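Naming: A, B, ... by sequence-line order, numbering from 1 per chain. Being a predicted model, the structure only gives us computed values, none of them experimental. For the numbers below, each heavy atom of this structure counts, side chains included, while hydrogens, waters and symmetry mates do not.
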2 protein chains.
Amino acid sequence: MLDLNRVGTIPGGLTKNQALVLEIIEKAGKPIGAYEILRELGPRGIKSPVQVYRAVNSLIQCGIVRKVESMNAFVRCTDAHPHRGQTTILAVCDRCGTVVEHHDETVDRRVAWAEQEAF
Amino acid sequence: MLDLNRVGTIPGGLTKNQALVLEIIEKAGKPIGAYEILRELGPRGIKSPVQVYRAVNSLIQCGIVRKVESMNAFVRCTDAHPHRGQTTILAVCDRCGTVVEHHDETVDRRVAWAEQEAF
DNA sequence: ACATTCCTGTTATAAAATAACATAACTTTC
DNA sequence: GAAAGTTATGTTATTTTATAACAGGAATGT
Ligand SMILES: [Zn+2]
Ligand SMILES: [Zn+2]
Ligand SMILES: [Zn+2]
Ligand SMILES: [Zn+2]
C-alpha cells in the first residue's frame, strides 16, 4: 500500500484506516482536526489518536491531503498534484473555512533562492 | 503599556514579563517554543505557561514577534514593519534554523484576490 | 516455510495551549 | 485624594494536539 509512484492520484490502493480517514476529510469539505476525525470514526472502530495520525501522515505523503499548520487541521487537496518542488499557498476563508490552494510559480522562484541556501 | 500606535518600533513601553520574554526570543536568534522560554525564565520568576503565552501574544500584536506555525515556535522580527496588509513569507533554514522574512509584493497581489473574496 | 516489510491495535506520555479565578498595579474621572 | 475602571499578574486546573513504545497480524517475495 501507499504507492509513491501514484502520488496525487485518487488511489484505490489505500489501507482500510487510510480510506476511512480520507472519507471523513473529504466529507468535511474544510480543514478538520485529528481528534474530530477520531470522534467521527469512533463508531467505526478507530479508537486512538495514533491511528488517525498514522493515516493522515500517509495521506500527506501521498500528496492527497495537506496540513493547515495555522489550524492544526487537515484538508483534502482539490486536484491531483505533487507537492514536491512546487510551492503552494493555502487561502482559508474567514467565514466558511473553505480552503483554496494556489500553485504560485512566482513564489516558487522566490523560494528557489532559499532552497539553494539549504533553507 | 502595549501602545498600538507604536507598532513595529523597539518600544521602551513593554511590561516586565513582555520584556523578559522578548529578551529570550532575541537571545535565541531563531524560533523558540513557549515552553523553552518558560524553562529559561523559570529562574527569573516566570512559573507558568500562561504568563509566557500572554507576553508572546502581546508581542505579536505589537508586530515585533512572529509565530512560526509549522514549528509552534516564536521568532523576533528582524526589522520594524507592520504585519497588517503586507503579506510575509518565513523561510526557515533546515540546518541552523535561522529565519529570513520576505516581504513579497507579488504574493501580496496574489492574496489580494483572496481578501476580496473574504478569505 | 521463512524473512521482510508494512499496517494495526493498545497503553501511556509528552508537548502545546487555554479556562477560570483572584490579586495587584496603574489610569481616569470626579 | 478617593472611587471606579482598566490592564497586567499570579496560580491552579484542564483541554487540545501529538508522539513513544511495544506487541501482534497481514501481505509480499524468495
Ligand atoms: Zn495540494
Ligand atoms: Zn467562504
Ligand atoms: Zn515581521
Ligand atoms: Zn542556516
Side-chain angles (χ1 to χ4, degrees), chain A residues 1-7 11-25 28 30-62 64-75 92 97, chain B residues 1-7 11-25 28 30-62 64-75 92 97:
Chain A
M1 307 278 173
L2 198 143
D3 188 347
L4 284 172
N5 293 329
R6 294 196 178 177
V7 166
L14 288 182
T15 293
K16 185 184 65 173
N17 289 0
Q18 288 166 7
L20 283 171
V21 168
L22 180 57
E23 184 191 326
I24 299 301
I25 292 178
K30 59 180 181 177
I32 182 175
Y35 281 75
E36 200 179 336
I37 296 172
L38 177 60
R39 278 192 295 276
E40 300 254 10
L41 286 178
R44 291 215 254 166
I46 302 292
K47 294 189 172 178
S48 92
V50 255
Q51 297 174 282
V52 174
Y53 280 105
R54 281 200 280 236
V56 148
N57 286 330
S58 299
L59 294 171
I60 290 175
Q61 286 291 317
C62 277
I64 57 185
V65 162
R66 283 210 50 156
K67 178 173 186 183
V68 184
E69 299 281 1
S70 58
M71 310 176 82
N72 295 320
F74 307 93
V75 68
V92 185
Chain B
M1 307 276 175
L2 199 143
D3 187 348
L4 284 170
N5 292 329
R6 294 196 179 177
V7 167
L14 288 182
T15 293
K16 186 184 67 174
N17 288 2
Q18 289 166 6
L20 284 170
V21 168
L22 180 57
E23 184 191 325
I24 299 301
I25 292 178
K30 59 179 183 177
I32 181 174
Y35 281 74
E36 200 179 335
I37 295 173
L38 177 60
R39 278 192 294 276
E40 300 252 10
L41 286 178
R44 292 215 254 166
I46 303 292
K47 293 189 172 177
S48 92
V50 255
Q51 298 174 284
V52 175
Y53 280 106
R54 282 202 279 237
V56 148
N57 287 329
S58 299
L59 294 170
I60 289 175
Q61 285 291 319
C62 276
I64 58 185
V65 161
R66 284 212 49 158
K67 178 173 186 182
V68 184
E69 299 280 2
S70 59
M71 310 176 83
N72 294 321
F74 307 93
V75 67
V92 185

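Every residue was checked against the salt bridge (Lys or Arg N to Asp or Glu O under 4.0 Å) condition with B:E36, not counting sequence neighbours, and none meets it. The side chain to side chain contact (heavy atoms under 4.5 Å, CB included) search around A:A28 returns A:I32, not counting sequence neighbours. Shown here are the salt bridge (Lys or Arg N to Asp or Glu O under 4.0 Å) partners of B:R39, two or more places apart in sequence or in another chain: there are none.
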When the side chains of residues 41-51 of chain A are checked against the rest of the protein, which donor-acceptor pairs come out under 3.5 Å, sequence neighbours left out?
unit_1	atom_1	unit_2	atom_2	d
A:R44	NH2	A:E23	OE1	3.3
A:R44	NH2	A:E23	OE2	2.7
A:Q51	OE1	A:K47	N	2.9
A:Q51	OE1	A:S48	N	3.0

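Rounded to whole angstrom, the span from the CG atom of B:N57 across to the P atom of C:dA19 amounts to 11 Å. Atom CD1 of B:I37 and atom P of C:dA16 are 11 Å apart (whole Å). Spacing between atom CD of B:Q18 and atom P of D:dA8 amounts to 7 Å, rounded to whole angstrom units. If you measure from atom NZ of A:K67 to atom P of D:dT17, you get 10 Å, rounded to the nearest angstrom. Computed from coordinates, the B:E36 CD to C:dA16 P distance equals 9 Å when rounded to whole Å. Here C:dC7 presents its P atom at 10 Å from CZ of A:R54, a figure rounded to the nearest Å. Whole-Å rounding puts the B:N17 CG to C:dA24 P distance at 16 Å. Atom CG in A:L38 sits about 13 Å away from atom P in D:dT16, given to the nearest Å.
The side chain of A:N72 lies closest to D:dA18, out of D:dA21, D:dA18, C:dA20. Distance from the side chain of A:F74 is smallest to D:dA18 among C:dG9, D:dG10, D:dA18.
In this structure, the helix from C:dT8-D:dA23 to C:dC30-D:dG1 shows an angle of 30° between the axis at its start and the axis at its end, each fitted on 5 base pairs and rounded to 10°.
Side-chain N/O atoms of A:K16 include none lying less than 4.0 angstrom from OP1 or OP2 on D:dA27.
A:K30 approaches A:G97 most closely through the heavy-atom pair CB-O, 3.6 Å.
Here the straight-line distance linking atom CG of A:N57 with atom CZ of A:F74 works out to 6.5 Å at 0.5 Å rounding. With values rounded to the nearest 0.5 angstrom, B:S70 atom OG is found 5.0 Å from A:E69 atom CD.
B:N17 places none of its side-chain heavy atoms less than 4.5 Å from the side chain of B:V52.
Interface residues of residues 44-53 of chain B facing DNA chain C, ordered by number: B:V50, B:Y53; criterion, heavy-atom separation under 4.0 Å.
Between the side chain of B:Y35 and the base of C:dA14, no donor-acceptor pair of N or O atoms lies under 3.5 Å.
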Q) Does the pair B:L14 and B:L59 meet the rule for a side chain to side chain contact (heavy atoms under 4.5 Å, CB included), with working shown? A) CA-CA 9 Å; B:L14 288 182; B:L59 294 170; 4.1 Å; yes

